[in-house]
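Along the sequence shown, residues are numbered consecutively beginning with 1.
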Amino acid sequence: MRTIKLTAETKKDLLNSLLKRSPDNYGEFETAVAQIVKNVREKKDEAVFAYTEKFDKCKMTAETVKVTREEIEEAYGALEPELVEVMRKSAENIRAFHEKQKHNSWFDVKEDGSMLGQKITPISISGVYVPGGKAAYPSSVLMNVIPAKVAGVGKIIMTTPPGADGKVYAGTLAAADIAGVDEIYKVGGAQAVAAMAFGTQSIPKVDKITGPGNIFVALAKKACFGHVSIDSIAGPSEILVIADETANPRYVAADLLSQAEHDEMASAILITTDGKLAEEVGRQVDLFLGQLSRKEIIGKSLENYGYILVADTMEEAVEAANEIASEHLEILTKNPYEIMGKIKNAGAVFLGEYSSEPLGDYFAGPNHILPTNGTAKFFSPLNVDDFMKKTSIISYSREALESVHTDIERFAESEGLTAHANSIRVRFE
């Protein structure tokens with residue numbers, strides 16, 4: 001990891017470097033994705049099965065594309081019972097956290113006979129995309145599905161790519177069953193997103209698509225947005241640690257590497273006010289690298305987007321953290337709660353040396369599907385509200401409308417919309 005002094009110039013260079021990882025900078029793939037989406041929209045199952053054979057080396061038909069109950073039971077049998085139990089515990093924590101996010105409809109009735117309100121309704125059907133192969137993360141299945149279940153979504157379907165043998169990763173199937181997925185389809189890539197967005201003979205159209213994926217999946221979600229709602233177009237994973245002289249350098253190094261192992265585009269940043277800590281963290285990173293299984297990926301990630309920034313003051317560190325708006329932010333300082341109060345932009349904040357980032361990834365309960373690439377400035381983690389619709393309710397009596405009708409007519413006429421004004425006026429002729 002490179003160690004540099006935090007200045008206005010180095011911060012600007014860092015922000016520009018991180019922004020290069022945005023999916024918006026991969027336009028060369030958009031044409032290919034657009035063609036896939038177009039073909040699936042027009043040819044439906046035919047296109048989906050052709051792409052599955054081409055990309056996943058698996059021949060799929062309408063009879064085999066849907067995962068059966070027998071396949072799910074087989075998946076449970078392939079997993080260690082202890083792992084299944086951990087998944088169940090994690091699911092309960094996630095469910096308990098998201099239950100607290102639920103809102104109720106409300107209505108405000110006044111004496112003049114007017115009534116205003118907001119009706120909250122879950123979406124009817126949601127779809128979740130789950131990567132396959134080495135990128136299969138059962139934890140993401142739980143995080144995508146459980147908020148939808150808590151919201152009361154009527155039907156949840158999942159798509160995930162099959163292996164060449166036509167099977168789906170066992171952990172993915174078990175997690176989907178634990179979370180409450182209704183139907184699972186063996187389809188991956190941009191073609192899976194298009195299938196959920198427009199529907200095929202085998203795969204139902206959904207109202208919203210959530211879930212991670214490669215650049216083709218991200219661009220397919222972008223291309224289908226508007227025909228269907230999406231969670232976000234997520235960029236590579238990222239972690240930022242704010243630390244002072246009280247932090248344990250071994251813990252800091254381990255936490256930075258926990259995100260760097262995701263892929264070569266992941267970013268890992270330490271901002272510290274202590275030069276000695278910066279030096280020791282760098283040394284610990286090198287020691288860990290020799291021990292970890294994904295050291296080649298980690299090495300390239302740190303080479304591209306690994307930084308140790310040394311700040312003069314904690315105020316400068318906090319200001320930089322708010323501008324970077326990291327997906328994951330750890331605060332390892334003498335008083336992390338004081339620093340947390342000054343943080344405006346972060347996907348998830350982890351306080352203290354025993355709240356390392358993987359706690360949020362797997363078990364604590366808050367959602368690990370978080371805004372990336374600085375979008376924490378205006379986006380939130382995936383939550384129950386993402387699966388709810390809010391409908392405004394308006395009801396006025398004659399008495400309530402009579403007292404304001406001339407105001408409404410005047411406003412409408414000022415915009416040149418005389419039919420609007422007339423719609424009100426005729427009631428009082």
Original post:
Can Arg69 and Asp177 be counted as an ion pair, charged N to O under 4.0 angstrom?
Top reply: yes

Subject >> Expected output: side-chain Asp207 to main-chain Ile125 donor-acceptor under 3.5 Å >> reply: yes

Subject >> salt bridge (charged side-chain N to carboxylate O under 4.0 Å, His left out) partners of Glu9, counting only residues at least two apart >> reply: none

Subject >> Salt bridge present between Arg95 and Glu92 (N-O < 4.0 angstrom) >> reply: yes

N/O donor-acceptor pairs under 3.5 Å from side chains in residues 210-221, not counting sequence neighbours:
{"unit_1": "Thr210", "atom_1": "OG1", "unit_2": "Asn144", "atom_2": "OD1", "d": "2.8"}
{"unit_1": "Asn214", "atom_1": "OD1", "unit_2": "Phe216", "atom_2": "N", "d": "3.0"}
{"unit_1": "Asn214", "atom_1": "OD1", "unit_2": "Val217", "atom_2": "N", "d": "3.0"}
{"unit_1": "Lys221", "atom_1": "NZ", "unit_2": "Gly211", "atom_2": "O", "d": "2.8"}
{"unit_1": "Lys221", "atom_1": "NZ", "unit_2": "Asp231", "atom_2": "OD1", "d": "2.7"}
{"unit_1": "Lys221", "atom_1": "NZ", "unit_2": "Ser232", "atom_2": "O", "d": "3.3"}

**OP:** Test Tyr307 against every option in Thr10, Leu256, Leu6, Ile269 by the side chain to side chain contact (heavy atoms under 4.5 Å, CB included) rule and name the one that passes.
**Re:** Ile269

Please output the side-chain donor-acceptor pairs of residues 186-197 that fall under 3.5 Å, not counting sequence neighbours, one pair per line with the distance.
{"unit_1": "Lys186", "atom_1": "NZ", "unit_2": "Thr64", "atom_2": "O", "d": "3.4"}
{"unit_1": "Lys186", "atom_1": "NZ", "unit_2": "Glu71", "atom_2": "OE2", "d": "2.7"}
{"unit_1": "Lys186", "atom_1": "NZ", "unit_2": "Gly166", "atom_2": "O", "d": "3.2"}
{"unit_1": "Gln191", "atom_1": "NE2", "unit_2": "Gly188", "atom_2": "O", "d": "2.8"}

Original post:
Tell me, which pairs form a salt bridge (charged side-chain N to carboxylate O under 4.0 Å, His left out) where one or both residues lie in residues 149-160, sequence neighbours left out?
Top reply: Lys155-Glu183

Subject >> Partner set under salt bridge (charged side-chain N to carboxylate O under 4.0 Å, His left out) for Lys344, not counting sequence neighbours >> reply: none

Subject >> Residues that Glu74 engages under salt bridge (charged side-chain N to carboxylate O under 4.0 Å, His left out), provided they are two or more places apart >> reply: Lys167

Original post:
Any salt bridge between Glu261 and Lys295, counting N to O under 4.0 Å?
Top reply: no

**OP:** Sequence neighbours left out, what passes ring pair (Phe, Tyr, Trp, His ring centres under 6.0 Å) with Tyr51? Give chain and number order.
**Re:** Phe55

**OP:** Could you name each residue pair satisfying side chain to side chain donor-acceptor pair (under 3.5 Å) that touches residues 248-258, not counting sequence neighbours?
**Re:** Arg250-Gln284

Subject >> Lys/Arg-Asp/Glu bridge criterion (N-O < 4.0 Å) met for Glu42, Lys38 >> reply: yes

Subject >> Lys300: partners by salt bridge (charged side-chain N to carboxylate O under 4.0 Å, His left out), with sequence neighbours left out >> reply: Glu264

Original post:
Who passes side-chain hydrogen bond (donor to acceptor under 3.5 Å, both in side chains) against Asn93, sequence neighbours left out?
Top reply: none

Original post:
Does a side-chain heavy-atom distance below 4.5 Å link Ile308 with Ile4?
Top reply: no

Subject >> Partners passing side-chain hydrogen bond (donor to acceptor under 3.5 Å, both in side chains) against Ser114 (at least two apart in sequence or in another chain) >> reply: Asp112

Identify all side-chain donor-acceptor contacts of residues 329-343 below 3.5 Å with residues at least two apart in sequence or on another chain.
{"unit_1": "Glu330", "atom_1": "OE2", "unit_2": "Glu357", "atom_2": "N", "d": "2.8"}
{"unit_1": "Asn335", "atom_1": "OD1", "unit_2": "Tyr337", "atom_2": "N", "d": "3.4"}
{"unit_1": "Asn335", "atom_1": "OD1", "unit_2": "Glu338", "atom_2": "N", "d": "3.3"}

